[in-house]
Engineer: 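Could you have a look at this structure, given as structure tokens, before my questions?
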Amino acid sequence: MSVMATSEGMSAGAVVALLAAGTGVFAALVVGGQVVQGPLTEAPAGAVLVMATAFTLAGAAATATLLPTGSGFEWRADGIVCAGLLVALAGAIAVGWEHGADQLRSAGSVVAPMTVPLLAALAERRARGTPRWSVAAAVVVAALSVTRYAVRDPFRDPGCWSDCSLRGVAPLASSGATALVEIGLALATLGTAALSVAWTIRLVVGSRARSSTERRLALVGAAGASTAAALWAVASVLPDRVVAARLVAAALVMQCLTALLVSVPPLLAVRRRRELRSLAAALGDQPPLGTLEATLSRMLGDRDLRVAYWLPQSGRYVDAAGESLDDAEARPSITLQREGQPLARIHVDRVNRELEGLVGSAAALAIDSERLQAEVRAQLSDLLAARLRIVAAADDARRGVERSIHDEVQSELIGALLELAQIRSRAVTVGAEDTMAEADTMTGEIRVIVDRLREFSRGVYPAVLDAAGLPAALEALADEAPVAVRIDCRRDGSASVEAQRAAYLIVHDAVARATRPLDVSIDVTDRRVALTIVGHPGAVPVEVRDRVGALGGTTTSDRASLRAVLPCG
Amino acid sequence: MRVIVVDDAALIREGLARLLEDAGMEVTHRLGDAATLQALVTTDAPDVLVIDIRMPPSFTDEGLRAAAAVRATNPDVGVLVLSQHVETSYAMRLLEELPRASGYLLKDRISDVAVLIDAVHRIARGEVVVDPTLVARMLGRKRREDSLDRLSGREREVLGLVAEGLSNEAIARRLFISERTVESHVAKVLQKLDVDDHGEGHRRVLAVLAYLRLTQ
């Protein structure tokens, strides 16, 4: 993805660099007074540099918008207007080019007045599309300019700014027509500019969605064009040639400044469009998780951008990792939908209509993919939590049973034993040997029951595990094991009850099935219980594996030993 | 002989008290938990405290902790801890914290009145009492290289009774042999197991139990 952007960026940059270089050379020549004389040499060097910069930027804007996209050339209206503006500016410069070809200078003088309507058009496009009257006005100005050329050659006759009698190559010549056309052109130019300003003001004041920067640029563009037009118009009817020349120079500078300002937005728009295009390309490549959010965030320069995916089953929004997102997100958001169902929500600092359209289509595939992953993750974490709850509930139930056995049944049996002891001692006192013997027998039988009950209750839940911890419980297991069991326990913290219980059950199972001596090593920390059993009989039963799995733990076994890690919390 | 009985099960508490009184002892107090025990012992110290290990609030080792607390303030009070389970770790802990005049018995064993009374007297004398079931379990545990195999049957018997806390005289009576024979058996056993001979008393018991616990 980045490779494509780089190559596009490089080609645009290369073009701009070339243009800048060329213009810089040209400007240097101009400043040196070698090439241009007349009104341009009387303009200050700063003004000339401004012209050069405007030339460069307009050229770059035109070229950038006309650069080939992935699928052939794309001629955008912006690009065409910028190209026209470029030509018009070049024409204005060519007018003052003393050593240039006469025809070129003539052509330049015809084209130069076009800068005003073109500037106005650019400014209007920033506000909202180009209205038809604007196109009509541009056509009128163009027609009048050509007509003027037909009537007189304003260039061949350098001194002829408002009235002239030389004809040169002008096909028709009529002093009356000249004045008419001249005034007509001036009025048309002025009128175009004024209309443009009025229309822009109306649009800008009325519109609300546009960003203020664009609005300001639109106003400036219209104002600049109108000022230049006014200067041109005044200069063309002024009798004083020197003053007129100065006015023309000022007009040129104004046009260049305006061109500078209104060329920038197209360049920015081009850049943003290109980035979004490469985003669309990148998203088609199955990017890693969370890339959509990261990419959008980077491209829009919004670090707090968040993408929330809608899970229809659960009826909530989650992020890419499946974590629920707070529904009450205060920031504005763009909701992407598909067939009436919400798909995802993008929380941004500023809502951008262009973004909505572009991201919607381009990112649909990536959104789907990430949303599915998010859904799976959310379900998975729900499942894991539920699993843990089930295990904990089962253990709690067992603890309850064990406690009941201890406190109730076993207690009552011992109470009975104590009563029997009483009976026996009374029998001894009165010398009733039979009763004594019976009491002894009963006592023996009940003690067996108590013993069995003790074993049974330990199988239900080993109370010693909760009371004295894992090492004590394991030692108790080892005491009664059918094989030699060595326990080596290291404690460096207190693990969770669930982890210790799982470890106990693993050892309990191993001891129950052991056929050879076992070596059990346990390492208990606050974060996990690590357990190694050397001599393990192999194949952990499914209920033990399930419990380990519910905790998110792992068991690995080879031929001789089993290793388990049981995380806490 | 003045005894305090502490057990949260009323049935057992009353049964115990009656057995002790029938044997001529004075049960000064019967308590359901250890909350007021400390204060009582301070004002009216008994000779022996008979206390259940598993009591409210946590039902784990309240009895042990209460016993240790009592001993700290009244070092002359003997402690007999009763448990429904064979919890070797608790017995070891008890003997480590209260090395003399203490005992650990299973509740079902005390239904044999003679055993109960004997235990109380022994503890009052400063001896140590360990339930035979516990000792049998420790002795019977499977070991890799069982050095206990080096002992003869009789020596093994003697070792067991030493672990139960019996004095040489008591062992002699139990096995119907002379005290001097017992002494020589004990000496040989301790030598074979490489356990230090501390003479009679609680140190010997602890040494043997520790040996049995640690050899795996």
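Here is how names work: the chains are called A, B, and so on, in the same order as the sequence lines, proteins then strands, and each is numbered from 1.
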Engineer: Can you tell me which portion of A:V450 sits under 4.5 Å from chain B's heavy atoms? Options are side chain, backbone, both or neither.
Structural biologist: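 Contact with chain B is through the side chain of A:V450 alone.
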
Engineer: Just checking A:D558: does its CG atom have more than 12 heavy atoms from other residues, nucleotides or ligands closer to it than 6.0 angstrom?
Structural biologist: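 Check passes, neighbour count above 12.
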
Engineer: As an exercise, state the distance from CZ of B:R18 to CG of A:L418, rounded to the nearest 0.5 Å.
Structural biologist: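 Taking CZ in B:R18 and CG in A:L418, the distance rounds to 8.5 Å.
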
Engineer: Could you check whether A:R454 and B:Q84, counting side-chain N and O atoms only, form a donor-acceptor pair closer than 3.5 Å?
Structural biologist: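 Note: B:Q84 and A:R454 side chains miss the donor-acceptor criterion.
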
Engineer: Which pair of non-hydrogen atoms, one from B:R141 and one from A:V485, has the smallest distance, and what is that distance?
Structural biologist: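 B:R141 and A:V485 have their closest heavy atoms at NH2-O, 3.0 Å.
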
Engineer: Looking at A:G415, A:A421, A:A416, which one has more heavy-atom pairs under 4.5 Å with chain B than the rest?
Structural biologist: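 Winner by heavy-atom pair count: A:A421.
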
Engineer: Does CD belonging to A:E543 count more than 12 external heavy atoms closer than 6.0 Å?
Structural biologist: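 Enclosed: over 12 neighbouring heavy atoms sit under 6.0 Å from CD of A:E543.
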
Engineer: Under a 4.5 Å heavy-atom cut-off, does chain B meet the side chain of A:E480, its backbone, both or neither?
Structural biologist: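 The side chain, not the backbone.
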
Engineer: Tell me, yes or no, whether the heavy-atom count around A:R490 atom CZ, taken from other residues, nucleotides or ligands under 6.0 Å, exceeds 12.
Structural biologist: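 No - once you tally the heavy atoms of other residues, nucleotides and ligands closer than 6.0 Å, there are 12 at most.
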
Engineer: Measure the OG1-CG distance between B:T60 and A:D466 for me, rounded to the nearest 0.5 Å.
Structural biologist: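 Spacing of OG1 (B:T60) from CG (A:D466) equals 9.0 Å.
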
Engineer: As an exercise, state the distance from OG of A:S411 to CG of B:L11, rounded to the nearest 0.5 Å.
Structural biologist: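 Going from the OG atom of A:S411 to the CG atom of B:L11 covers 7.5 Å.
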
Engineer: Tell me, out of B:R109, B:R137, B:M138, who's got the most heavy-atom pairs with chain A below 4.5 Å.
Structural biologist: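 So the answer, after comparing B:R109, B:R137, B:M138, is B:R137.
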
Engineer: Stepwise, does the salt bridge (charged side-chain N to carboxylate O under 4.0 Å, His left out) test hold for B:K142 with A:D479?
Structural biologist: CA-CA 7 Å; B:K142 306 278 185 307; A:D479 278 342; over 6 Å; no

Engineer: Which region of A:A478, side chain (C-beta onward) or backbone (N, CA, C, O), has a non-hydrogen atom less than 4.5 Å from a non-hydrogen atom of chain B, or is it both or neither?
Structural biologist: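 Backbone plus side chain of A:A478, per the 4.5 Å heavy-atom cut-off to chain B.
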
Engineer: Heavy-atom pairs under 4.5 Å with chain B are the metric here; pick the option from A:S425, A:P482, A:G469 that has the most.
Structural biologist: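 Answer, by heavy-atom pair count under 4.5 Å with chain B: A:P482.
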
Engineer: Measuring from A:T443:OG1 to B:D108:CG, what's the distance to the nearest 0.5 Å?
Structural biologist: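 If we round to the nearest 0.5 Å, A:T443:OG1 and B:D108:CG are 11.0 Å apart.
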
Engineer: Go through the atoms of B:L106 and report whether side chain, backbone, both or neither lie under 4.5 Å from a heavy atom of chain A.
Structural biologist: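 For B:L106, the side chain is the part near chain A, not the backbone.
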
Engineer: For B:Q191, I'd like to know if atom CD has over 12 heavy atoms of other residues, nucleotides or ligands within 6.0 Å.
Structural biologist: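 Counting neighbours around CD of B:Q191, 12 or fewer heavy atoms of other residues, nucleotides or ligands fall under 6.0 Å, so no.
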
Engineer: Is any side-chain heavy atom of A:R424 closer than 4.5 Å to a side-chain heavy atom of B:S111?
Structural biologist: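 Result no, sub-4.5 Å side-chain heavy-atom pair not found.
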
Engineer: Which residue out of A:V464, A:T429, A:L420, A:D519 racks up the most heavy-atom pairs below 4.5 Å with chain B?
Structural biologist: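 Among the listed options, the one with the most contacts to chain B is A:D519.
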
Engineer: Would the number of heavy atoms belonging to other residues, nucleotides or ligands and lying under 6.0 Å from CZ of B:R203 be above 12?
Structural biologist: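 Check fails, neighbour count at 12 or below.
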
Engineer: Got a second to check how far B:R213's CZ is from A:E475's CD, nearest 0.5 Å?
Structural biologist: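 Result: 4.5 Å between the selected atoms.
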
Engineer: Side chain, backbone, both or neither: which part of A:L518 has a non-hydrogen atom closer than 4.5 Å to chain B?
Structural biologist: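 Backbone only.
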
Engineer: Please output the residues of residues 381-406 of chain A in contact with chain B, using a heavy-atom cutoff of under 4.5 Å, in numerical order.
Structural biologist: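 The stretch touches chain B at A:E402, A:R403, A:H406.
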
Engineer: For residues B:H85 and A:Q410, determine if any side-chain heavy atom of one lies less than 4.5 Å from a side-chain heavy atom of the other.
Structural biologist: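 They are in side-chain contact.
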
